[in-house]
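Written out below as structure tokens is the structure these notes cover.
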Amino acid sequence: MALLLPAFRRREPRAAPDDRRQRLWLWGLGLAFPSVVLATLTGYGLVVGERLLPHAASDLVTVTAEARQWEWRFGYADRPGQTTENVLHIPAGRPVDVQITSLDVIHSFWVPRLAGKLDAIPGHVNVLRIEATRPGTYRGLSAEFSGEGYLGHTFRVEAHDPASWGAFLRGDAP
Amino acid sequence: MFALGGVLAMLIRAQLASPHSAFMGPEVYNQVFTMHGTVMMFLFAIPFFEAMTVYLLPGMLGTRDMAYPRLSAYGFWCYLIGAATMVVALVLGLAPADGWFMYPPLTSTEYSPGINADVWLLAITFIEVSAIAAAVEVVVTVLRYRAAGMSLSRMPIFAWYILVVAVMILTAFPPMILGSVLLETERALDWPFFQVDKGGDALLWQHLFWLFGHPEVYIIFLPAAGMIATILPVMARTTLLGYGWVVGAAVSLAVLSFGLWVHHMFTTGIPHMGLAFFSAASTLVAVPTAVQIFAWIGTLWKGRPELHLPMLWILGFFATFVIGGLTGVMLAVVPFNWQVHDTHFVVAHLHYVLIGGYVFPMVAAVYYFLPIITGRTRFFKLGEVAFWLVVPGFHVTFLAVHLVGLLGMRRRIWTYAPEDGWAIINLVASVGGFVTAIGFALIVVDIAVNAAVASRGRRNPWGAGTLEWATAIPSPSYNVASIPEVRGRYPLHDDPEIAVRIARGEGYLSWPTRKRRETLVVGTSRAEPLQVAVLPGNDGLPFVMAVATAVVFLAPLWDAYRTAGVALLVVIALALRWAWSNGSTRDEGPLDAGRGTSLPSAWEVPDPPGWWGSLFLLLADATMFGSLLFGYAFLWTVAPAWPPASYVAPGLLDVLLALVGAAALAAGPRLAARALLASRGPWIGLLVALAGAGALTAAAASIWAARPDPTSHAYDATLWLLGGFVALHTTLAAIILAYVCFRVAAGYASSVRIGETRIAQLWCDFAGSTGLVALAAAWLPGVFA
């Protein structure tokens with residue numbers, strides 16, 4: 001924009017040959033400028049993306065998330081056989097891998113304050129790493145259009161402190 | 001269609017203006033947003049630039065008409081009938097409701113039992129037929145139908161852009177058509193391409209759809225960019241800076257756009273290394289875009305820009321598109337994408353790019369070319385008022401939509417709660433949206449009023465240098481009275497008198513001495529005059545054939561497969577009748593083409609226009625075949641329920657039939673052409689080729705016999721489709737061969753009139769080579785297992 005306005009202000013065009021203009025506008029501003037900026041940006045994005053991936057961790061917790069129209073069912077590797085519906089319990093301060101899949105159409109698992117979204121696709125299991133730094137309740141929702149009940153296709157994430165997480169695993173608290 | 005899409009947009013904004021709105025329920029809202037996307041993308045954006053191209057391109061190239069005027073008419077009627085079907089479905093509440101990109105399994109029979117999804121699949125595929133038809137025609141027109149001496153490097157810049165776009169349509173639409181065919185066969189016949197428990201995979205659709213969907217974005221943007229590159233230098237009283245650079249940028253955008261489709265699928269769980277590649281490719285497209293933008297700004301600096309209405313709209317484009325491009329770069333960064341994917345932020349981004357990058361330049365183009373269409377000068381200032389409503393209104397709307405997306409509002413939800421805190425922003429967006437809509441309505445009024453009552457204008461009011469301004473305005477249906485010889489990129493600047501010379505008949509083919517519509521065919525690169533082509537007269541055949549084609553595509557909506565089959569036979573008969581009206585039963589010899597040259601008729605050359613058209617149609621067909629192989633390989637490697645329990649293995653006889661069949665298909669037409677050249681009867685060659693088509697069909701049918709149930713597993717369904725592809729093309733080749741036999745018998749072939757035999761050769765080669773590859777793909781796993 002800043003470059004556009006002066007073009008209208010000037011009365012007399014400067015007499016420069018086309019090839020000198022090409023050097024400035026096309027080589028300089030057209031090729032070099034965006035290449036440098038974009039390379040930097042992409043590199044930074046990849047580094048950040050790499051940090052968000054599920055890497056091995058010692059205190060890792062694994063949970064499963066099964067989506068269907070219009071419900072989420074969560075299971076726990078540390079508490080076999082027990083599932084919860086529309087509420088996901090996790091320990092705070094520890095990395096959690098969510099194994100996401102779907103029983104019918106495509107959905108997407110998204111807890112905006114904990115991580116980006118990852119799709120739930122029938123027949124595939126996608127793994128998303130989340131970590132809640134503090135105990136509390138976080139809102140989660142499906143982020144892939146799934147028909148008429150899409151709006152209400154939400155869930156909650158309960159992040160527990162170590163004591164109540166232990167209680168949850170023993171089945172004391174719902 | 002733009003008006004319809006706009007009304008749907010206003011319905012969406014009205015619904016979202018307040019929380020808990022009772023205006024629409026989810027079942028209506030879902031249809032409305034699905035149709036808004038579908039109408040704008042398929043029924044407005046593509047047909048609109050195609051229409052502008054068909055109207056303007058011959059004038060720019062200094063020729064009389066598009067290469068295949070009847071094909072233009074056929075495409076138009078296909079579009080009209082298909083679009084009307086969609087509109088009727090919307091009124092009846094039968095419109096698709098699953099989002100414009102139709103992800104299965106939501107769109108499978110189990111979750112979308114009504115015919116709503118079938119309406120989308122069948123009608124859109126039908127409309128894509130018209131897009132392919134237009135693309136074939138554009139490519140052949142640009143390459144072969146130009147003014148004499150207009151070499152490739154002298155072409156108007158728009159011709160370059162539209163050539164790139166047409167080739168993109170030929171290579172991007174087939175994956176989409178294939179995807180629709182797969183989904184429709186799954187819905188209609190239960191072939192499990194997307195059902196995971198039977199070896200299908202829902203992700204296959206996403207790959208096929210976005211393999212089309214991302215190039216589609218550039219298919220929409222590049223014609224608008226071509227318009228800018230055409231209009232902007234004229235408004236700046238100069239010539240385009242860096243013509244070669246801009247052409248190179250357009251070509252590289254086209255190539256890069258095919259490597260980007262996965263960036264619509266960053267959240268589907270693709271490995272991070274793969275994402276890195278597509279993230280880099282996605283940011284890389286910003287480079288050729290930047291080259292074009294800076295070439296245009298540099299052009300403005302080079303000249304003395306004047307602020308006419310088209311220029312105003314181009315400035316609107318700059319202001320909007322650059323923001324859309326920046327949010328695009330933001331979205332290409334993977335972690336950011338993981339957060340905002342499928343929120344209103346994406347909605348805002350795509351509206352900035354599409355409206356800023358397509359609609360604004362096209363409005364500029366409409367105003368710029370209005371004198372050619374209406375022959376009048378605009379004098380009301382309504383257009384300026386409309387501009388100042390649309391552009392600020394648009395920015396208010398979509399800046400607000402960006403914001404609400406960042407606050408976490410998902411796309412496609414039909415309402416929201418007051419405590420979400422999105423109410424005021426949405427209200428602002430809705431008000432802005434209505435202001436924009438009023439502005440667009442004013443543009444329509446402005447154009448209508450000016451077309452009806454403005455004063456007669458003079459020729460070439462902008463002082464442009466390209467040939468479309470060399471005709472009287474409004475331009476006559478034959479465009480140019482004689483076909484000029486040009487020596488530069490801006491013929492009207494090189495020779496201010498050229499318009500008069502053209503009108504005086506100093507060019508080629510000035511006087512219709514042979515009482516038919518003729519035009520010049522030139523060499524592809526240097527544009528030296530080569531042939532005299534005869535254009536058809538006015539004809540009702542395209543309309544009848546479009547109606548018959550519509551029955552083929554739409555009868556399955558009511559499961560009326562027999563009706564569809566009968567209609568297919570009618571279409572074939574009409575197509576043969578259509579082809580029959582070309583050609584001549586005697587050798588005319590060299591024809592006087594004016595300016596002291598004599599050229600052969602296009603019926604008496606080895607590469608007639610039909611040969612070039614077939615070549616590019618087969619390019620699209622080859623892409624379709626490639627997509628089919630891609631789908632096969634994708635299912636094999638990615639779908640969970642693979643490999644299948646057992647493989648098909650060929651018998652020795654089947655392999656022999658296939659090899660002999662393909663060899664005969666290759667040899668037959670060549671033998672026939674050689675016999676014709678030696679003034680002998682071509683019968684042996686044609687019969688050999690026919691027998692080859694039969695043998696290859698039998699080999700393909702052996703696959704169906706070996707695996708009788710295509711509904712049991714995606715592997716069987718894919719094999720049936722591969723066999724079907726082979727059989728379809730051998731049948732086509734056989735029909736063409738039989739047709740050539742009748743033409744020879746009726747005297748339409750001679751030692752110079754061998755064009756039709758050579759066209760048959762192209763189709764036979766294609767059927768033979770794809771047949772061998774398809775059968776190898778089907779058989780090899782079984783051989784090695």
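Numbered from 1 within each chain, the chains take letters A, B, ... in sequence-line order.
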[X] versus chain A, the contacting section by heavy-atom distance below 4.5 Å:
{"X": "B/Phe33", "result": "side chain"}
{"X": "B/Thr289", "result": "neither"}
{"X": "B/Asp201", "result": "side chain"}
{"X": "B/Pro104", "result": "backbone"}
{"X": "B/Val638", "result": "both"}
{"X": "B/Val291", "result": "both"}

If you count heavy-atom pairs within less than 4.5 Å of chain B, which of A/Ala120, A/Gly149, A/Ser142 leads?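 Looking at each option in turn, the highest pair count goes to A/Ser142.
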Which residue out of A/Val127, A/Asp104, A/Leu128, A/Val125 racks up the most heavy-atom pairs below 4.5 Å with chain B?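 Max contact count across the listed options: A/Asp104.
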Would you check if the distance from the ring center of A/Phe145 to the ring center of B/Tyr103 is below 6.0 Å?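 So the answer is no for these two rings.
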When you look at A/Ile121 and B/Leu203, which way does the side chain to side chain contact (heavy atoms under 4.5 Å, CB included) test go after all the steps? CA-CA 8 Å; A/Ile121 301 165; B/Leu203 282 179; 3.7 Å; yes
Which atoms of [X] are under 4.5 Å from chain B, going by heavy atoms: the side chain, the backbone, both sets, or neither?
{"X": "A/Glu144", "result": "both"}
{"X": "A/Arg139", "result": "side chain"}
{"X": "A/Asn126", "result": "side chain"}

Under the 6.0 Å and 45° cation-pi test, does B/Arg410 pair with A/Tyr150?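 Yes.
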Is B/Arg237 atom CZ crowded by more than 12 heavy atoms from other residues, nucleotides or ligands, each under 6.0 Å away?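 Yes, the 6.0 Å shell around CZ holds more than 12 heavy atoms from other groups.
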Name the option with the most non-hydrogen atom pairs under 4.5 Å to chain A; the candidates are B/Pro640, B/Ala202, B/Gly408.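 Of the options given, most contacts go to B/Pro640.
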Pairs of heavy atoms under 4.5 Å with chain A: top-ranked of B/Gly200, B/Ala276, B/Pro288: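 Ranked by heavy-atom pairs under 4.5 Å with chain A, first place is B/Ala276.
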Looking at side-chain heavy atoms only, is the closest gap between A/Ile106 and B/Leu106 below 4.5 Å?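 The answer is no, as the side chains (C-beta and beyond) never meet within the 4.5 Å cut-off.
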